[in-house]
Structure formats: C-alpha cells, structure tokens
Amino acid sequence: MSLLKPFSKLPGLNTANILLVENEEQFQQKLADTVVLQEKTVNVNVRLARSLPLPMENEESRPRIDLVVFIIHLTSELSFQSAETSLKYLDPGYFQGKVCFLVTSARNVSVPPERLVSVRTLAASLHCPLLCAEDQTTEGVTTAARRLLAILKVAAGLVPMATGLYLSTLTRCTVPSDIDQQNFE
Amino acid sequence: MDDSTKRILQRLIRRIPYQMLQKMLGKWAHLSNEDLHSLDFTQPKWVLTEHLLAFCEEKGLTVKHITELEMIYIIENPNQGMWHGFQLLDAEEEAPSIELTQFKEQFKANLTELIRHVSIKIKKHTDEAIWIRVAWGDNFTKPNHLKPTYVVHHLQTPYVFVTGLTSKYKPLLNQALVLATRYGSMKDAHLSGRNLIAIRDLLTRQYQQVFPTKHPKPLQEKNPVPRNPNIENEQAENTENRLQMACEAFGDGTLPQLQKAVYKLETKFRDNSNKTLTGREEPFRGVVEFASTNLLESLRHCVSSGMASTPVTPLLSSITQKGRNYFVITDKGV
C-alpha cells in the first residue's frame, strides 16, 4: 500500500505545499489559481489529484505535502465515496492537523441533508476541520483560498508558536452528540 | 380555389414563423416581385394571410403550387418531427450509377402503380440531396396534403431519411425506393433523431473521428496555455488517457446532435440477492433510455471526466461505431 507520508522528505525554505484532491477536477483548478495569486510572501506549490493513491512515477519529484485538502461536492454521492476511499492511502501522521475537508453546495436545497451529516461525522472522527465553500463566485473562491492558506501556513510550520496539531484542536469539526441534546431538555 | 386548398394555405402560413415568411415567399416562384413588395410585412399575420389568399385566388394557384411553398419551408428548416434513417442493401452488381431524371421517372412510375391517388414532388437541393414529398391518398380519396411524408436521399449513398411516414404506407414507399434506386432491399438503420443533418452525419461518418494511435500526445507546435509553474497535476496522464478514449469512442469537436438512445433488454434476470426473479426461463424485459439535448456530447463528457469507467463499453460506443440509437440486447450479444 503506497501511503502518502508527511515527514519522509525535507521541507523547503519558505515553501508550503498543498494537495487538492477532488473527484470532479473542476473546483480544484480555480482554487489553485487563486491560492497561488493570493499568497505573496510564501512560495506556495499546489498539486492537483483526482484521488489517492498518487502515481508512483511522481514520487521522486513530489515535494513534502504539508496539507491535504479533500474537496467534496455535496451534490454528488460519488464525490463523498471517492474521498472516503482516498483516505485509506494517507499515513496516520497526516491526521494531526495536516488534513482538511472542503465542502461545496452545502446551502443547496436539492442536496440531501444526510450527506452533510455523514461528512461532518467523518471529519469529526478524524479530528479534522471542515470548511464550507461557495464555488460559483470569485468572492467565494477567494474566501476559500484565504482560509486554506491560513491553515496551510500553520501546517507547514511557517507561523511561529503554532503547529498543525495545536490548530486542529481548535478548528476540528464537532458533531453534537445525542447526550448533549438531551441536556437541553 | 376550393375550401380544402384555402385551409392548406392557411395552415401553412400559420406554421411558418413570421420572420421567415418574407424569405420563403421570396423563394416561391409564383409571387412576382411587385406582389411581394405590395405585401406589408408589418401587419398582423392573419391580415397577411388574407392578402395571400386573395393573391392566390387571382392567379388561380392550386394545391400543387402551395405544396411547393411547403417544400421550400421544410428544406430550409428540416429539424421538425422525427427523422428515421434507412439503409439500402444489395446493390445490383451491374447497375450503372443512377442519375436524377432516371430516378425521378422510376420512382414516380413505381409509386403511382402501387397506389393510385398519390401526389409526388421531387426536388434536387444544392447539396446533392434529393427531396421527395409524398401525400398519400386511397383508391377512393384524394391525397391528404396535411400529413405528407418527406424523403431525403443522396444519390450515391445507400442511405435514405424519412419523416412523417405511417406504417400503412411504409411498404409501398420501401418498394418504390428500392426499385427506383436498383438495390435489393431496404432495412431500418435504427437511427432516429430530430436533427436531419445530425443523423446524416452520423450515418455517413462525417463528424471528426479520432483514431487510436500509439503516441497520443498532440504535436507541440501549438503554443500551450502558460501554466503556472507552481501548480502541478499529479494524475495528468490519466486525464489525457480518458480524454483520448472518450474521443476515440465518440469523436472530437462538435458532435452530431442525437436526442435519445434506447436499449431494449431481452436478457435473463441475474441478481443473486433476488431469488424470485433470478433463474426464470423467460427473459426479463426492460427498456433503458438515455435522453439529452446532445446525447453524444454528454456521453463523451461522462467518459472524459471519469463518471463512466474506461475502456468505453461497446454498448455505448456502438452508437457512433454502428450509427444507430436503437438496440435490442439479447443474451448472445447486441
């Protein structure tokens, strides 16, 4: 099993690398362009993939990936399933602040609400943050890019006094459990 | 002009959209230029219809002339109603290539022999296609001009496209066409669509085809879009492969516009979780229908984006490879 390992390569100077994983391969391109344009101080490299595992041929040239973002379109069940199967190919070291879930179309009426709930349970069980993004307008894309950059810089170790693990305890997704709900009554 | 002729003219004018009316009337040989100028095209349509009726009465035009106008309109706008494709088979070996006058005579003679009251109009279009308009009648009734059949045939190809044909007159038309074109028989090509040019292009393979190559990378002459060096696609080869397979199965560029693909299943039911239906002797009949405004474009996108698994299943690629969109699938194959 070719796992993607977080610490097997040396980091670059003033560099952060982000991997966007999306089954439909549409939003990742726009997001990549915006991310690279937004960031002026740090050298950001974006890798795009459809699913994990990544091809072996790129193993040598691939830099150390600091943040893996799974883009899930709630309008398609296949999107969620593809992200779930890709998760198996990540080394467990990534789940300490180096994985993030990005969800689109969360406000869409035709989306079954169970899907968002299952994404939230997945993110909560892995202690990862869940971001909602709006992919149809440029402001939406820019906002999503800025938020990802904020998390990326911490995960790459470029922000003093903050590590990915520390940030993830603050930003991780939570699902209100049944016990909490009973307390309200 | 009797009532039925007036009705035919009224219906025809109602059918032609107002913007095209001036152009169609201009092409019609029976209205002179002065008449055309005297018609005021800013009036409401029903006023215009009255004027036209008056003109036709003056000149003593008959149904024959009105059907010419209808034919002009249909040739300009063929995408109304369903067109069905047919293929002629078993050409006579020593038959010289058919030319237009011979075909016309033969067809008219054959059809009038088979059914007495029938009205035929044959016209050759600029793109070498022969358009035939047939209005059917019985032995006792006059031809019904409100429901004509249109046939398009390119003389040197074995394909015929028909619209508006009922099953009652189908064998008669078949026989007349087969005899006139000196073939042995005519069979249904199982291809139908609303767009005539699309089904013609599909049958004659006139869309941009892509052939499998050993080195699929395109020539590097074109200036590539400047990619940001910071962005890299990990699985670019996969994407290219999928696109190549999609184009091989369906073609490149603009694809002919098909609306439907119908698969009629006559296979046995096979699902181990459902014991009542599996294992029965009779086939489980079902129909799968794919519908879209541009079906081939949607299928190509499905394959290139990875929604449909590659290699492309022959059930889908036979739409373009065999040029049909109605399939009957039995257990032994298509």
Side-chain angles (χ1 to χ4, degrees), chain A residues 2 4 12 14-40 42-63 65-66 68-69 73 75-79 81-82 85-86 89 145 149 152, chain B residues 210 213-218 220 222-250 252-255 271 273 288 290-313 315-316:
Chain A
S2 54
L4 191 64
N14 204 31
T15 310
N17 305 304
I18 185 172
L19 173 68
L20 300 176
V21 181
E22 182 192 353
N23 193 32
E24 285 76 18
E25 293 183 310
Q26 285 176 339
F27 186 38
Q28 60 183 194
Q29 189 58 50
K30 280 196 278 188
L31 201 54
D33 292 332
T34 319
V35 161
V36 171
L37 283 174
Q38 284 280 318
E39 187 48 58
K40 308 282 191 284
V42 176
N43 195 19
V44 176
N45 290 325
V46 184
R47 315 281 286 193
L48 307 174
R50 191 156 179 252
S51 60
L52 297 173
L54 298 177
M56 292 301 293
E57 300 85 50
N58 298 351
E59 190 65 45
E60 294 298 314
S61 58
R62 191 182 309 139
I65 303 285
D66 296 308
V68 180
V69 182
H73 293 278
T75 42
S76 141
E77 183 68 29
L78 194 58
S79 198
Q81 284 171 353
S82 160
T85 42
S86 301
Y89 294 95
L149 275 171
L152 173 65
Chain B
V210 173
T213 60
K214 260 216 172 299
H215 300 284
K217 265 219 155 357
Q220 300 289 344
K222 297 189 252 186
N223 291 334
V225 174
R227 307 288 326 267
N228 196 320
N230 286 14
I231 303 177
E232 192 171 319
N233 200 326
E234 291 273 344
Q235 290 152 337
E237 204 186 298
N238 278 7
T239 320
E240 273 170 26
N241 277 357
R242 280 203 307 266
L243 187 59
Q244 175 73 12
M245 280 199 257
C247 289
E248 270 174 37
F250 299 109
D252 205 6
T254 340
L255 296 174
D271 182 7
S273 56
V288 177
F290 291 90
S292 161
T293 41
N294 191 339
L295 185 70
L296 292 176
E297 186 73 54
S298 338
L299 288 175
R300 187 177 64 178
H301 183 256
C302 275
V303 176
S304 66
S305 65
M307 277 190 259
S309 59
T310 49
V312 186
T313 160
L315 288 171
L316 287 178

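So that the names make sense, note that chain A is the first sequence line, chain B the second, and so on, each numbered from 1.
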Measuring from A:S51:OG to B:Q235:CD, what's the distance to the nearest 0.5 Å?
-> 5.0 Å
Ranked by heavy-atom pairs below 4.5 Å to chain B, first place among A:L78, A:N45, A:N23 goes to A:N45
Side chain, backbone, both or neither: which part of A:V44 has a heavy atom under 4.5 Å from chain B?
-> backbone
Measure A:D33 against the heavy atoms of chain B and call it side chain, backbone, both or neither at under 4.5 Å.
-> both
Side-chain donor-acceptor contact under 3.5 Å, A:N43 with A:N14 = no
Taking all heavy atoms of A:D66 and all of A:T15, pick out the closest pair and write down the distance.
-> OD2-O, 4.1 Å
Under 3.5 Å side-chain donor-acceptor pair for B:E248 and B:Q244 | yes
Measuring heavy-atom distances to chain B, does A:S76 have an atom under 4.5 Å in its side chain, in its backbone, in both, or in neither?
-> neither
Residue A:P63 versus chain B: region with a heavy atom under 4.5 Å | neither
In terms of heavy-atom pairs under 4.5 Å with chain B, the winner among A:E24, A:Q26, A:R62, A:E57 is A:R62
If you take all heavy atoms of B:S304 and B:R242, which pair is closest and at what distance?
-> O-NE, 3.1 Å
